[in-house]
There are 2 protein chains.
Amino acid sequence: MKLSKTEEQLMQHLWKLEKAFMKDILEQYPEPKPATTTIATLLKRMTDKGYVSYKTFGKSREYYPLIKKADYFSKHVNGLIKNFFNDSASQFASFFTKETNLTKEELEDLRKLIDNEIKKK
Amino acid sequence: MKLSKTEEQLMQHLWKLEKAFMKDILEQYPEPKPATTTIATLLKRMTDKGYVSYKTFGKSREYYPLIKKADYFSKHVNGLIKNFFNDSASQFASFFTKETNLTKEELEDLRKLIDNEIKKK
DNA sequence: AATATTACTCTACAAATGTAGAATATAAAT
DNA sequence: ATTTATATTCTACATTTGTAGAGTAATATT
(Lines give C-alpha, C1' and ligand atoms only; values in the text may rest on other atoms or scores of the structure.)
Protein backbone atom coordinates (compact mmCIF):
# COMPACT_ATOMS: atom_id res chain seq x y z
CA MET A 1 0.00 0.00 0.00
CA LYS A 2 1.24 3.41 -0.95
CA LEU A 3 2.02 6.25 1.37
CA SER A 4 -0.22 9.26 1.42
CA LYS A 5 1.16 12.73 0.79
CA THR A 6 1.55 13.55 4.47
CA GLU A 7 3.12 10.22 5.18
CA GLU A 8 5.52 10.78 2.34
CA GLN A 9 6.55 14.03 3.90
CA LEU A 10 7.23 12.30 7.14
CA MET A 11 9.28 9.73 5.27
CA GLN A 12 11.38 12.55 3.90
CA HIS A 13 12.28 13.49 7.42
CA LEU A 14 13.07 9.95 8.34
CA TRP A 15 15.25 9.55 5.29
CA LYS A 16 17.07 12.68 6.19
CA LEU A 17 17.56 11.75 9.83
CA GLU A 18 18.09 8.07 9.07
CA LYS A 19 16.71 7.30 12.50
CA ALA A 20 14.85 9.51 14.86
CA PHE A 21 12.88 9.75 18.05
CA MET A 22 9.56 11.47 18.16
CA LYS A 23 11.13 14.72 19.29
CA ASP A 24 13.65 14.69 16.46
CA ILE A 25 10.86 14.27 13.99
CA LEU A 26 8.79 17.03 15.46
CA GLU A 27 11.77 19.32 15.26
CA GLN A 28 11.82 18.89 11.53
CA TYR A 29 8.41 20.42 11.09
CA PRO A 30 8.09 24.14 10.69
CA GLU A 31 5.60 26.13 12.67
CA PRO A 32 2.83 25.52 13.15
CA LYS A 33 3.95 22.06 14.11
CA PRO A 34 1.39 19.30 13.97
CA ALA A 35 0.26 17.74 17.22
CA THR A 36 2.45 14.98 18.56
CA THR A 37 -0.47 12.64 18.33
CA THR A 38 -0.82 13.40 14.66
CA ILE A 39 2.73 12.33 14.01
CA ALA A 40 2.20 9.32 16.21
CA THR A 41 -0.81 8.30 14.19
CA LEU A 42 1.07 8.70 10.97
CA LEU A 43 4.01 6.70 12.25
CA LYS A 44 1.71 3.95 13.32
CA ARG A 45 0.02 3.83 9.94
CA MET A 46 3.35 3.86 8.18
CA THR A 47 4.55 1.07 10.37
CA ASP A 48 1.43 -0.90 9.52
CA LYS A 49 2.04 -0.29 5.86
CA GLY A 50 5.53 -1.66 6.28
CA TYR A 51 7.50 1.46 5.50
CA VAL A 52 8.77 2.19 8.96
CA SER A 53 10.07 0.23 11.90
CA TYR A 54 11.64 1.14 15.20
CA LYS A 55 13.85 0.06 18.04
CA THR A 56 12.44 0.47 21.48
CA PHE A 57 14.69 2.40 23.78
CA GLY A 58 13.23 2.35 27.22
CA LYS A 59 10.13 4.46 27.08
CA SER A 60 10.30 5.55 23.53
CA ARG A 61 11.24 4.47 20.07
CA GLU A 62 13.80 5.21 17.54
CA TYR A 63 12.07 5.09 14.20
CA TYR A 64 13.74 4.34 10.92
CA PRO A 65 12.67 3.86 7.31
CA LEU A 66 12.43 0.36 5.89
CA ILE A 67 12.73 1.50 2.31
CA LYS A 68 15.47 3.51 0.71
CA LYS A 69 14.56 6.86 -0.69
CA ALA A 70 15.99 5.93 -4.03
CA ASP A 71 13.89 2.81 -4.24
CA TYR A 72 10.75 4.49 -3.21
CA PHE A 73 11.37 7.31 -5.56
CA SER A 74 12.17 5.02 -8.39
CA LYS A 75 8.83 3.30 -8.13
CA HIS A 76 7.22 6.66 -7.94
CA VAL A 77 8.71 7.98 -11.10
CA ASN A 78 8.09 4.79 -12.89
CA GLY A 79 4.44 5.07 -12.04
CA LEU A 80 4.49 8.57 -13.35
CA ILE A 81 6.16 7.51 -16.52
CA LYS A 82 3.77 4.68 -16.99
CA ASN A 83 0.81 6.94 -16.47
CA PHE A 84 1.85 9.81 -18.59
CA PHE A 85 4.15 8.44 -21.20
CA ASN A 86 2.93 5.01 -22.13
CA ASP A 87 5.76 3.56 -20.19
CA SER A 88 8.45 5.23 -22.24
CA ALA A 89 11.22 6.63 -20.12
CA SER A 90 12.85 8.33 -23.07
CA GLN A 91 9.64 10.07 -23.97
CA PHE A 92 9.54 11.25 -20.43
CA ALA A 93 13.11 12.39 -20.51
CA SER A 94 12.55 14.39 -23.59
CA PHE A 95 9.51 15.99 -22.14
CA PHE A 96 11.33 16.69 -18.96
CA THR A 97 14.20 18.37 -20.65
CA LYS A 98 11.95 20.68 -22.57
CA GLU A 99 9.48 21.49 -19.88
CA THR A 100 11.46 22.03 -16.76
CA ASN A 101 13.38 25.22 -16.58
CA LEU A 102 16.90 24.02 -16.30
CA THR A 103 19.54 26.64 -16.66
CA LYS A 104 22.21 26.33 -19.29
CA GLU A 105 24.65 25.20 -16.64
CA GLU A 106 22.35 22.54 -15.37
CA LEU A 107 21.74 21.29 -18.85
CA GLU A 108 25.44 21.08 -19.44
CA ASP A 109 25.96 19.19 -16.24
CA LEU A 110 23.22 16.88 -17.26
CA ARG A 111 24.80 16.30 -20.62
CA LYS A 112 28.07 15.39 -18.99
CA LEU A 113 26.27 12.99 -16.80
CA ILE A 114 24.58 11.39 -19.73
CA ASP A 115 27.87 11.11 -21.51
CA ASN A 116 29.19 9.21 -18.58
CA GLU A 117 26.23 6.92 -18.58
CA ILE A 118 26.67 6.29 -22.26
CA LYS A 119 30.28 5.35 -21.73
CA LYS A 120 29.27 2.81 -19.18
CA LYS A 121 27.16 0.96 -21.73
CA MET B 1 -7.46 21.19 -6.04
CA LYS B 2 -5.63 18.22 -7.36
CA LEU B 3 -7.08 15.30 -9.21
CA SER B 4 -7.20 11.95 -7.53
CA LYS B 5 -5.60 8.92 -9.13
CA THR B 6 -8.80 7.72 -10.75
CA GLU B 7 -9.63 11.15 -11.98
CA GLU B 8 -6.19 11.44 -13.43
CA GLN B 9 -6.77 8.27 -15.35
CA LEU B 10 -9.97 9.68 -16.75
CA MET B 11 -8.07 12.79 -17.73
CA GLN B 12 -5.69 10.64 -19.69
CA HIS B 13 -8.57 9.44 -21.75
CA LEU B 14 -9.86 12.92 -22.28
CA TRP B 15 -6.45 14.13 -23.33
CA LYS B 16 -6.23 11.32 -25.77
CA LEU B 17 -9.68 11.84 -27.21
CA GLU B 18 -9.49 15.62 -26.94
CA LYS B 19 -13.24 15.65 -26.58
CA ALA B 20 -15.60 12.85 -25.88
CA PHE B 21 -19.11 11.84 -25.05
CA MET B 22 -19.84 9.54 -22.20
CA LYS B 23 -19.92 6.55 -24.48
CA ASP B 24 -16.54 7.38 -25.97
CA ILE B 25 -15.07 7.58 -22.54
CA LEU B 26 -16.53 4.31 -21.44
CA GLU B 27 -15.10 2.66 -24.53
CA GLN B 28 -11.63 3.57 -23.36
CA TYR B 29 -11.91 1.51 -20.25
CA PRO B 30 -10.94 -2.13 -20.33
CA GLU B 31 -13.18 -4.81 -18.89
CA PRO B 32 -14.52 -4.80 -16.33
CA LYS B 33 -15.73 -1.34 -17.18
CA PRO B 34 -16.80 0.89 -14.34
CA ALA B 35 -20.47 1.78 -14.06
CA THR B 36 -21.61 4.73 -16.12
CA THR B 37 -22.62 6.47 -12.95
CA THR B 38 -19.13 6.11 -11.62
CA ILE B 39 -17.71 7.93 -14.61
CA ALA B 40 -20.48 10.48 -14.37
CA THR B 41 -19.58 11.15 -10.75
CA LEU B 42 -15.94 11.52 -11.59
CA LEU B 43 -16.68 13.87 -14.46
CA LYS B 44 -18.82 15.99 -12.22
CA ARG B 45 -16.13 16.19 -9.59
CA MET B 46 -13.53 17.02 -12.18
CA THR B 47 -15.77 19.70 -13.59
CA ASP B 48 -16.20 21.13 -10.11
CA LYS B 49 -12.46 21.11 -9.65
CA GLY B 50 -12.12 23.06 -12.85
CA TYR B 51 -10.29 20.48 -14.91
CA VAL B 52 -13.07 19.58 -17.30
CA SER B 53 -15.79 21.36 -19.14
CA TYR B 54 -18.33 20.36 -21.79
CA LYS B 55 -20.57 21.47 -24.57
CA THR B 56 -24.15 20.37 -24.34
CA PHE B 57 -25.33 18.61 -27.44
CA GLY B 58 -29.02 17.98 -27.09
CA LYS B 59 -29.38 15.35 -24.46
CA SER B 60 -25.79 14.76 -23.66
CA ARG B 61 -22.44 16.43 -23.34
CA GLU B 62 -19.20 16.52 -25.07
CA TYR B 63 -16.53 16.72 -22.43
CA TYR B 64 -13.13 18.19 -22.88
CA PRO B 65 -10.10 18.91 -20.70
CA LEU B 66 -9.47 22.45 -19.54
CA ILE B 67 -5.82 21.88 -18.87
CA LYS B 68 -3.16 20.66 -21.23
CA LYS B 69 -1.49 17.42 -20.43
CA ALA B 70 1.88 19.08 -20.59
CA ASP B 71 0.88 21.73 -18.11
CA TYR B 72 -0.68 19.34 -15.72
CA PHE B 73 2.25 17.06 -15.95
CA SER B 74 4.69 19.85 -15.49
CA LYS B 75 3.14 20.83 -12.20
CA HIS B 76 3.16 17.21 -11.24
CA VAL B 77 6.83 16.71 -11.83
CA ASN B 78 7.64 19.94 -10.17
CA GLY B 79 5.83 18.75 -7.09
CA LEU B 80 7.82 15.57 -7.25
CA ILE B 81 11.04 17.42 -7.65
CA LYS B 82 10.22 19.72 -4.82
CA ASN B 83 9.34 16.84 -2.58
CA PHE B 84 12.24 14.60 -3.30
CA PHE B 85 15.06 16.81 -4.39
CA ASN B 86 14.80 19.99 -2.38
CA ASP B 87 13.52 21.73 -5.43
CA SER B 88 16.56 21.00 -7.52
CA ALA B 89 15.66 19.93 -11.00
CA SER B 90 19.21 19.10 -11.88
CA GLN B 91 19.56 16.87 -8.87
CA PHE B 92 16.45 15.16 -10.07
CA ALA B 93 17.75 14.86 -13.57
CA SER B 94 20.91 13.27 -12.40
CA PHE B 95 19.04 10.82 -10.31
CA PHE B 96 16.70 10.08 -13.11
CA THR B 97 19.43 9.41 -15.58
CA LYS B 98 21.11 6.96 -13.32
CA GLU B 99 18.08 5.18 -12.04
CA THR B 100 15.89 4.62 -15.03
CA ASN B 101 17.05 2.03 -17.44
CA LEU B 102 17.49 3.98 -20.58
CA THR B 103 19.22 2.17 -23.39
CA LYS B 104 22.32 3.56 -24.97
CA GLU B 105 20.29 4.77 -27.91
CA GLU B 106 17.79 6.51 -25.73
CA LEU B 107 20.55 8.18 -23.84
CA GLU B 108 22.09 9.37 -27.06
CA ASP B 109 18.80 10.76 -28.24
CA LEU B 110 18.44 12.47 -24.96
CA ARG B 111 21.85 14.00 -25.26
CA LYS B 112 21.03 15.38 -28.67
CA LEU B 113 17.93 16.86 -27.26
CA ILE B 114 19.80 18.48 -24.47
CA ASP B 115 22.30 19.87 -26.92
CA ASN B 116 19.46 21.50 -28.74
CA GLU B 117 18.11 22.97 -25.57
CA ILE B 118 21.51 24.32 -24.70
CA LYS B 119 21.78 26.01 -28.06
CA LYS B 120 18.50 27.74 -27.47
CA LYS B 121 19.86 29.45 -24.39
C1' DA C 1 -47.21 6.50 -29.47
C1' DA C 2 -44.96 2.95 -26.48
C1' DT C 3 -40.75 1.04 -25.15
C1' DA C 4 -35.94 0.58 -24.61
C1' DT C 5 -31.60 2.90 -24.14
C1' DT C 6 -28.59 6.31 -22.51
C1' DA C 7 -26.92 10.26 -19.87
C1' DC C 8 -27.12 12.73 -15.86
C1' DT C 9 -28.15 13.95 -10.85
C1' DC C 10 -28.79 12.68 -6.19
C1' DT C 11 -27.87 9.97 -2.65
C1' DA C 12 -25.19 6.62 -0.24
C1' DC C 13 -21.64 4.24 1.77
C1' DA C 14 -17.21 2.13 2.86
C1' DA C 15 -12.35 3.05 2.98
C1' DA C 16 -8.57 6.21 3.36
C1' DT C 17 -6.75 10.51 4.98
C1' DG C 18 -5.70 14.60 7.93
C1' DT C 19 -5.99 16.00 12.29
C1' DA C 20 -5.98 15.82 17.11
C1' DG C 21 -8.06 15.22 22.13
C1' DA C 22 -8.27 11.99 26.25
C1' DA C 23 -6.18 8.57 28.67
C1' DT C 24 -2.19 6.21 29.97
C1' DA C 25 2.60 5.04 30.72
C1' DT C 26 7.04 6.26 31.63
C1' DA C 27 10.98 8.82 32.45
C1' DA C 28 13.17 13.10 34.13
C1' DA C 29 13.50 16.76 37.38
C1' DT C 30 12.92 18.60 41.75
C1' DA D 1 8.15 10.46 46.32
C1' DT D 2 5.70 14.03 43.70
C1' DT D 3 5.38 16.74 39.85
C1' DT D 4 6.26 17.51 35.11
C1' DA D 5 7.23 16.54 30.47
C1' DT D 6 7.01 13.32 26.78
C1' DA D 7 5.63 9.28 24.00
C1' DT D 8 2.14 6.09 22.68
C1' DT D 9 -2.48 4.21 22.02
C1' DC D 10 -7.37 4.76 21.46
C1' DT D 11 -10.91 7.05 19.88
C1' DA D 12 -13.13 10.40 17.02
C1' DC D 13 -14.52 13.06 13.37
C1' DA D 14 -14.63 15.74 9.06
C1' DT D 15 -13.12 15.35 4.29
C1' DT D 16 -11.87 12.95 0.19
C1' DT D 17 -12.03 9.06 -2.73
C1' DG D 18 -13.86 4.92 -5.17
C1' DT D 19 -17.86 3.01 -6.46
C1' DA D 20 -22.46 2.59 -7.80
C1' DG D 21 -27.88 2.20 -7.24
C1' DA D 22 -32.41 4.79 -7.82
C1' DG D 23 -34.64 8.14 -10.02
C1' DT D 24 -35.37 11.19 -13.87
C1' DA D 25 -35.05 13.12 -18.42
C1' DA D 26 -34.36 12.79 -23.04
C1' DT D 27 -33.56 10.25 -27.17
C1' DA D 28 -33.69 6.37 -30.35
C1' DT D 29 -36.17 2.25 -31.84
C1' DT D 30 -39.99 -0.50 -32.92
Side-chain angles (χ1 to χ4, degrees), chain A residues 1-14 17 19-66 72 75-76 79-80 83, chain B residues 1-14 17 19-67 72 75-76 79-80 82-83:
Chain A
M1 195 192 269
K2 229 185 84 54
L3 294 174
S4 77
K5 273 282 165 278
T6 343
E7 289 165 346
E8 228 169 63
Q9 234 176 310
L10 213 174
M11 270 311 261
Q12 295 286 351
H13 294 141
L14 281 187
L17 299 169
K19 50 193 177 166
F21 293 95
M22 173 59 80
K23 53 172 296 201
D24 306 320
I25 296 173
L26 261 179
E27 249 172 42
Q28 298 290 306
Y29 283 84
E31 297 300 343
K33 291 182 193 300
T36 309
T37 51
T38 302
I39 303 298
T41 305
L42 292 176
L43 283 170
K44 197 174 195 348
R45 287 179 187 163
M46 291 161 83
T47 304
D48 291 346
K49 290 184 183 177
Y51 285 93
V52 168
S53 189
Y54 52 81
K55 287 202 204 83
T56 307
F57 273 72
K59 49 128 188 186
S60 60
R61 304 165 174 179
E62 189 176 46
Y63 297 94
Y64 58 88
L66 284 178
Y72 182 81
K75 249 183 236 160
H76 221 251
L80 201 76
N83 251 330
Chain B
M1 198 192 266
K2 230 187 84 61
L3 295 174
S4 76
K5 273 280 166 277
T6 343
E7 290 166 346
E8 230 170 62
Q9 233 175 310
L10 214 174
M11 270 312 262
Q12 294 286 351
H13 294 141
L14 281 187
L17 300 170
K19 50 194 177 167
F21 292 95
M22 174 58 80
K23 53 173 299 204
D24 305 322
I25 296 173
L26 261 180
E27 250 172 40
Q28 299 290 306
Y29 282 84
E31 299 298 345
K33 291 181 193 300
T36 309
T37 51
T38 302
I39 302 298
T41 304
L42 292 177
L43 283 170
K44 196 174 196 347
R45 287 180 186 164
M46 291 160 83
T47 304
D48 291 347
K49 290 184 184 177
Y51 285 93
V52 168
S53 189
Y54 53 81
K55 286 201 204 86
T56 308
F57 272 71
K59 51 129 188 187
S60 61
R61 304 164 174 181
E62 191 177 45
Y63 297 93
Y64 58 89
L66 284 179
I67 186 176
Y72 182 80
K75 250 182 237 161
H76 221 252
L80 200 76
K82 186 164 301 185
N83 252 329

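The model shown is predicted, which means the values in this text are computed figures rather than measured ones. So that the names make sense, note that chain A is the first sequence line, chain B the second, and so on, each numbered from 1.
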*Asks:* Using modelled atom types and a 3.5 Å cut-off, is there a donor and acceptor pairing between side-chain atoms of B:Tyr51 and backbone atoms of B:Glu8?
*Replies:*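 Side chain of B:Tyr51 to backbone of B:Glu8: no pair is present.
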*Asks:* Identify whether any heavy atom of A:Tyr63 sits under 4.0 Å from a base atom; if not, whether one sits that close to sugar-phosphate; answer base, sugar-phosphate or nothing.
*Replies:*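 Sugar-phosphate: the residue A:Tyr63, judged by heavy atoms under 4.0 Å, touches backbone atoms but no base.
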*Asks:* With a 6.0 Å cut-off (strictly less than), is the heavy-atom count around NZ of A:Lys33, excluding the residue itself, greater than 12?
*Replies:*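 It does: A:Lys33 NZ has more than 12 such atoms within range.
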*Asks:* In whole Å, what is the span from the CD atom of B:Gln9 to the C1' atom of D:dT17?
*Replies:*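 B:Gln9 atom CD is separated from D:dT17 atom C1' by 13 Å.
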*Asks:* Which distance, rounded to the nearest 0.5 Å, do you find between the CD of A:Glu62 and the CZ of A:Phe21?
*Replies:*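 Nearest 0.5 Å value for the CD-CZ distance: 4.0 Å.
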*Asks:* Quick one: does B:Arg45 reach the base of D:dT19 with a side-chain donor-acceptor pair under 3.5 Å?
*Replies:*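 By the distance-only test, yes, there is a pair.
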*Asks:* Can you tell me the distance, in whole Å, between the OH atom of B:Tyr29 and the P atom of D:dG18?
*Replies:*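 Going from OH in B:Tyr29 over to P in D:dG18 covers 10 Å.
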*Asks:* I want to verify a distance call: between D:dT17, D:dT19, C:dC8, whose nearest atom is closest to the B:Lys49 side chain?
*Replies:*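 Nearest to the side-chain atoms of B:Lys49, counting from C-beta on, is D:dT17.
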*Asks:* What integer distance in Å separates A:Ile39:CD1 from C:dG21:P?
*Replies:*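 Going from CD1 in A:Ile39 over to P in C:dG21 covers 13 Å.
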*Asks:* Side chains of B:His13 and B:Glu27, heavy atoms from C-beta outward: is any pair under 4.5 Å?
*Replies:*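 A side-chain contact is absent here, since even the closest heavy-atom pair is not under 4.5 Å.
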*Asks:* What's the CD1-P distance between B:Ile25 and C:dT6, to the nearest Å?
*Replies:*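 Between P of C:dT6 and CD1 of B:Ile25: 16 Å.
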*Asks:* If you round to the nearest 0.5 Å, how far is OH of B:Tyr72 from CG of B:Leu66?
*Replies:*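 Answer rounded to 0.5 Å: 13.5 Å.
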*Asks:* Round to the nearest Å and state the distance from B:Lys44 atom NZ to D:dT16 atom P.
*Replies:*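 For the pair B:Lys44 NZ and D:dT16 P, the rounded distance is 15 Å.
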*Asks:* How do A:Pro34 and A:Phe57 order along DNA chain C: which one's closest nucleotide is nearer the 5' end?
*Replies:*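 Its nearest nucleotide being more 5', the pick is A:Pro34.
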*Asks:* Give the rounded distance in Å between these two atoms: CZ of A:Arg61 and P of C:dT26.
*Replies:*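 Value for this atom pair: 12 Å.
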*Asks:* Just compare D:dT19, C:dT9, D:dA20 and give me whichever is closest to any side-chain atom of B:Thr6.
*Replies:*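 Nearest listed nucleotide: D:dT19.
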*Asks:* Under 4.0 angstrom, heavy atoms only, what part of the nucleic acid is A:Thr36 near: base, sugar-phosphate, or nothing?
*Replies:*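 Base, at least one base atom sits under 4.0 Å.
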*Asks:* Report the distance from atom CG of A:Leu42 to atom C1' of C:dG18, rounded to the nearest whole Å.
*Replies:*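 That distance rounds to 8 Å.
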*Asks:* Without decimals, in angstroms, what is the distance between A:Leu43 CG and C:dG18 P?
*Replies:*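 Computing the A:Leu43:CG to C:dG18:P distance gives 14 Å.
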*Asks:* Which of the following nucleotides, D:dA7, D:dG18, C:dT9, is nearest to the side chain of B:Lys5?
*Replies:*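 That would be D:dG18.
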*Asks:* Has the side chain of B:Thr41 got a donor or acceptor atom sitting under 3.5 Å from an opposite partner on the base of D:dA20?
*Replies:*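 Counting by modelled atom types and ignoring angles, a donor-acceptor contact under 3.5 Å is found here.
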*Asks:* Side chain of B:Thr37 only, please: which of D:dA20, C:dT17, D:dT17 is the nearest?
*Replies:*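 The answer is D:dA20.
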*Asks:* Report which part of the nucleic acid B:Ala35 touches: base, sugar-phosphate, or nothing (heavy-atom distance under 4.0 Å, all strands).
*Replies:*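 Counting heavy atoms under 4.0 Å across all strands, the contact made by B:Ala35 is with sugar-phosphate only.
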*Asks:* Measure from the side chain of B:Thr38, starting at C-beta and using heavy atoms only, and say which of D:dA20, C:dA7, D:dC10 lies closest.
*Replies:*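 It is D:dA20.
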